[in-house]
Amino acid sequence: MTSLFNPLTFGATSAPNRIFMAPLTRCRADAAHTPTALMAEHYAQRASAGLIIAEATMVMAGNSAFWMEPGIYNDAQVAGWKLTTDAVHAAGGRIFLQIWHGGRACHPLLNDGVQPVAPSPLAITGDEVHTPQGKQPYVMPRALRDDELPGIVAGFKKAAENAQAAGFDGVEVHGANGYLLDEFLRDGANQRSGAYGGPVENRARLMLEVLAAVSSVWGSDRVGLRLSPLNSYNSMIDSDPVGLATWLAKRLNDFGLAYLHVMRGDFFQQQQGDVLTPIRAHYKGVLVGNMGYTADEAAKAIADGKLDAVAFGTGFLANPDLPARFKAGAPLNAPNPDTFYSPGAVGYTDYPALGV
Ligand code: PHB
C-alpha cells in the first residue's frame with residue numbers, strides 16, 4: 001500500500017515523500033519585488049518536503065496583486081531567487097517556482113497607477129487588497145484585446161527562462177484562484193466573444209498557450225499546473241465546474257506535465273462538487289491534491305490511489321519539519337494568520353521544528 005512516505009517520481013523529478021509544500025503568498029520580498037535572504041532561510045527550513053512549490057511570483061512588471069510579492073522578470077530577482085534555490089538544494093530539497101499574472105486582482109496602487117487587465121470588465125467584489133495605503137477595494141479591470149495576449153504568453157515564457165537561470169527544478173503555472181489564466185478559464189469572469197471566449201476550448205486557450213510556451217523552455221516534464229475549478233475566492237464562479245475539470249483533465253494529457261495540482265474545494269463553500277474523481281478518471285499523469293487535508297486523510301487518499309501526493313499550505317507554514325511530525329505522529333504548531341502577510345521573521349522563520 002502506498003503511503004505518504006513512499007518516493008514519487010513526477011516527470012523528471014524524484015522526491016523521497018509525497019508531502020508537498022503548497023505555494024503560499026507571504027509578502028517577504030522587497031518593494032522592488034526582489035526575493036530576500038529571509039525567504040531563502042524560510043524555504044530551506046522546509047526542504048524535507050517532497051517538493052516545495054514556491055509562492056506565486058510575478059512574470060511581468062506592472063501586474064502585482066500583493067504588496068511585497070516576489071517577481072522573476074529582472075536580473076536582481078533572478079539573483080534573489082538564487083539564494084533560495086541554493087539554500088534549498090544545499091539542504092537536500094527540490095523546489096519549483098509558481099509563476100503568475102494577477103489579472104484583475106492587481107491594483108493601481110501596487111502598479112504605478114496602471115489599471116489591471118482581465119478577460120472582461122468585471123471587478124472582484126466583497127474583498128479588499130493590501131496596498132501601501134492600507135486595504136482597498138478592487139478596481140474595475142480593462143478587458144485585454146486578443147492582440148495583447150501573445151505578450152502575456154511571452155511574459156510567462158521569459159519568466160520560465162528566468163526561473164531556469166535562478167536554479168529552480170521546474171515551474172508551476174498558476175491557473176487557479178481567480179488570477180489571469182483562471183479568469184479566462186471560468187465563464188463567470190470571461191464574457192468574451194472570439195477565439196478566447198465562449199466554449200471551454202476557447203476559454204482554456206490562453207492557459208494552454210502558456211503551458212506550451214513554458215514547456216518549450218523547461219520540457220513539459222518539469223512543468224506543473226495548478227487549478228481550482230470550485231474555488232469562489234476572488235469572485236470566481238463557473239456554470240459547470242465538473243464539466244470544466246473533466247474537459248481539462250482529458251486535454252492536459254496531451255502535455256505530459258510533471259503534475260497536475262488541484263484544489264479540491266471552495267475557500268468559502270459556496271460551490272459544491274467533486275472535481276477530483278472525474279480528474280482522476282480522465283487524467284493520466286501525476287495528481288496532487290490540496291486544500292484542508294489532515295495527515296490521515298492524505299494518507300488514505302494516497303493509499304486508495306485517488307491521489308499521488310498532497311500539498312499542505314498552512315501546515316507547512318507553521319511546521320517546517322512537517323514530514324517528520326507526520327511520521328512521528330507529533331503535535332503540530334498552529335499557524336498565526338496575523339503574521340501571514342506581515343514583514344520580517346516573526347511568523348515566518350521562527351516556527352520551531354521538533355526538539356528545537
Ligand atoms: C492569498 O494569499 O490569499 C492567495 C494567494 C494566491 C492564491 C490564493 C490565495 O492562489
Side-chain angles (χ1 to χ4, degrees), residues 20-29 33 35 39 42-43 51-60 63-72 96-107 110-111 116 118 124-131 134-138 156 159 171-186 189 207 210 224-238 241 259-271 275 288-293 311-318 335-343 347-348:
F20 285 13
M21 178 177 169
L24 294 162
T25 292
R26 303 303 309 279
C27 303
R28 261 70 171 194
H33 304 293
M39 290 166 64
H42 165 80
Y43 283 116
L51 176 68
I52 295 171
I53 306 164
E55 67 208 79
T57 294
M58 300 161 64
V59 296
M60 291 185 280
N63 298 289
S64 178
F66 283 88
W67 194 26
M68 304 283 188
E69 68 170 299
I72 188 83
F96 277 34
L97 181 66
Q98 193 192 49
I99 51 176
W100 77 342
H101 183 306
R104 66 181 182 174
C106 299
H107 195 280
L110 297 173
N111 297 293
I124 298 171
T125 58
D127 202 358
E128 294 189 316
V129 51
H130 294 271
T131 78
K135 284 193 135 193
Q136 301 283 334
Y138 287 95
F156 273 91
V171 290
E172 177 177 285
V173 172
H174 195 336
N177 293 338
Y179 303 105
L180 187 71
L181 300 180
D182 191 29
E183 290 162 15
F184 272 83
L185 213 46
R186 289 198 262 171
M207 196 184 77
V210 165
L225 173 67
R226 194 180 208 207
L227 298 172
S228 62
L230 289 166
N231 200 359
S232 67
Y233 179 70
N234 281 332
S235 301
M236 293 300 289
I237 190 152
D238 190 83
Y259 62 82
L260 178 60
H261 179 185
V262 179
M263 297 175 75
R264 62 175 165 171
D266 182 358
F267 284 162
F268 304 127
Q269 267 120 46
Q270 288 174 7
Q271 294 175 107
V275 291
V288 183
N290 168 248
M291 214 176 203
Y293 282 86
F312 295 86
T314 51
F316 246 118
L317 182 159
N336 176 8
D338 293 343
T339 54
F340 283 0
Y341 304 115
S342 59
Y348 191 57

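Because the structure is a prediction, the values reported are computed rather than measured. Each ligand, and each atom within it, is numbered from 1 in the order the structure gives.
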Do the side chain of [X] and the main chain of [Y] share a donor and acceptor less than 3.5 angstrom apart?
X: Glu172; Y: Leu225; answer: no
X: Asn111; Y: Ser64; answer: yes
X: Asn234; Y: Asn177; answer: yes

Fill in: Side chain, backbone, both or neither: the part of Phe66 lying under 4.0 Å from ligand 1 by heavy atom
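Only the side chain of Phe66 comes within reach of ligand 1.
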
Checking the N or O distance criterion of under 3.5 Å, is ligand 1 in contact with [X]?
X: Tyr341; value: yes
X: Tyr233; value: yes
X: Asn177; value: yes

Fill in: Closest non-hydrogen atom pair between Arg186 and Asp238, with its separation
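The pair with the smallest heavy-atom distance is CA-OD1, 3.3 Å.
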
Discussion item. Which heavy atom of Ala56 sits nearest to which heavy atom of Glu69, and what is that distance?
Written reply: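 For Ala56 and Glu69, the tightest heavy-atom pair comes out as O-OE1, 4.0 Å.
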
Worksheet item: Near His174, which atoms of ligand 1 are under 4.0 Å from a heavy atom of that residue?
Response: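 Heavy-atom distances to His174 below 4.0 Å select 7 (C), 10 (O).
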
Worksheet item: At what distance is the nearest protein heavy atom to atom 5 (C) of ligand 1, and which residue and atom is it?
Response: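 In this structure, atom 5 (C) of ligand 1 has Thr25 OG1, 3.3 Å as its nearest protein heavy atom.
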
Worksheet entry | Test item, Glu55 contacting ligand 1 (heavy atom, 4.0 angstrom) |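 It does not; every heavy atom stays at 4.0 Å or beyond.
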
Worksheet item: How about Phe312 and Tyr293: are their ring centroids closer than 6.0 Å?
Response: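 Centroid separation for Phe312 and Tyr293: 6.0 Å or greater.
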
